[in-house]
K.L.:
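Before I ask anything, here is the structure I am working with.
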Amino acid sequence: MTNWTNIAQAAKEWVLEAGQRIRESLDEELLVETKSDANDLVTNIDRETEKYFIEKIKDYNPDYKIMGEEGFGDQLDSLDGVIWILDPIDGTMNFVHQKRNFAISLAVYENGEGRLGIIYDVMADDFYHVLPGNGAFLNDVRLKRLNNVPIEKAIIGLNATWITPNKRIDYQILSPLVKAVRGTRSYGAAAIELAYVAAGRLDGYITMRLNPWDYAAGKLLVEEVGGKTSNLKGEPLSLLNPSSLLVGAPTVYEKIRENYLKEYTGI
Ligand code: IPD
Ligand code: CA
Ligand code: CA
């Protein structure tokens, strides 16, 4: 039988070492390139970090498959077997411009079942991990179950893009929500925003398009503390395809679904 605690221990060491390497790289000159558009950045460090993990994981067990953002892993069309889902640097724009507020996100699924999730906020040195069914932790302190929060006292992660004209959602749909909640925040790193929901630093997070590597670990963290996760239509998050995302403490999640998303028809 697979010993997930041992795997979690190995993965923790890799993540901490990768984080250390990333911190050391901050003194060197970065090679910054663009991908799908002028604001979609990638650096040599994103690529090197992904390659580092692939080497470690394949050395540990060559049968493990890896879905990595930068494309050095495997091409996957099913969730069969043990799959590692990796975002080597989530929040590359923050990494390049701010040198903070970026994270390593790493998750392991077995035949679609979550086994391990790690999010490491590298500069804050905040290490979140979850072994589903055995608790979620921030730096080895167990995270509490999420409180019921009334919407008027909720702080929601939401980027201003989605309340200005954009191609994914009618910008008027979410503006009443912005008025209803206590505050909105945007940190520019989906994995950190998900970890914040799990830690109770945010009460919810909504965004229109992420990839599985952005949320594979955060989904497990949030669910372990009793939070809800889905796309904006309430369907389970896909681990193979891009998706919109709504996560939150149960009361906040339900209120947003019931009161603010009725007119939403996208995916
Ligand atoms: C991005 C960040 C950002 C989110 C984008 C993601 P990357 O990931 O998570 O917060 O809004 O949609 O692509 O490209 O920095 O790994
Ligand atoms: Ca990402
Ligand atoms: Ca990334």
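Atoms within a ligand are numbered from 1 in the order they appear, just like the ligands themselves. Because the structure is a prediction, the values reported are computed rather than measured.
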K.L.:
Could you name all protein N, O or S atoms found under 3.0 Å from the Ca ion (ligand 3)?
P.N.:
Glu69 OE1, Asp87 OD1, Ile89 O
K.L.:
With Thr92 as reference, evaluate Asp40, Asp46, Thr43 under the side-chain hydrogen bond (donor to acceptor under 3.5 Å, both in side chains) test and give the passing residue.
P.N.:
Asp46
K.L.:
Does either side chain, that of Tyr120 or that of Asp125, offer a donor lying less than 3.5 Å from an acceptor on the other one?
P.N.:
yes
K.L.:
Going by the rule side chain to side chain donor-acceptor pair (under 3.5 Å), which residues pair with Asn211 if we only count those two or more places apart in sequence or in a different chain?
P.N.:
none
K.L.:
Using the ring centroid of each side chain, check whether Trp213 and Trp84 are separated by less than 6.0 Å.
P.N.:
no
K.L.:
Checking side-chain hydrogen bond (donor to acceptor under 3.5 Å, both in side chains) between Glu70 and each of Arg47, Lys51, Lys35, which is the one that passes?
P.N.:
Lys35
K.L.:
Enumerate the protein residues lying less than 4.0 Å from ligand 1, judged by heavy-atom distances, in chain and residue-number order.
P.N.:
Glu69, Asp87, Ile89, Asp90, Gly91, Thr92, Gly188, Ala189, Ala190, Arg209, Leu210, Asp214
K.L.:
Under the rule for side chain to side chain contact (heavy atoms under 4.5 Å, CB included), what residues qualify as partners of Tyr187, not counting sequence neighbours?
P.N.:
Arg185, Glu193, Tyr196, Leu202
K.L.:
Between Asp140 and Lys12, is there a side-chain N and carboxylate O pair less than 4.0 Å apart?
P.N.:
yes
K.L.:
May I ask you to decide whether Asp203 forms a salt bridge with Lys255, counting only side-chain N to carboxylate O separations under 4.0 Å?
P.N.:
no
K.L.:
Could you check whether any side-chain N or O of Lys65 sits under 3.5 Å from a backbone N or O of Gly73, counting only pairs where one atom can act as donor and the other as acceptor?
P.N.:
no
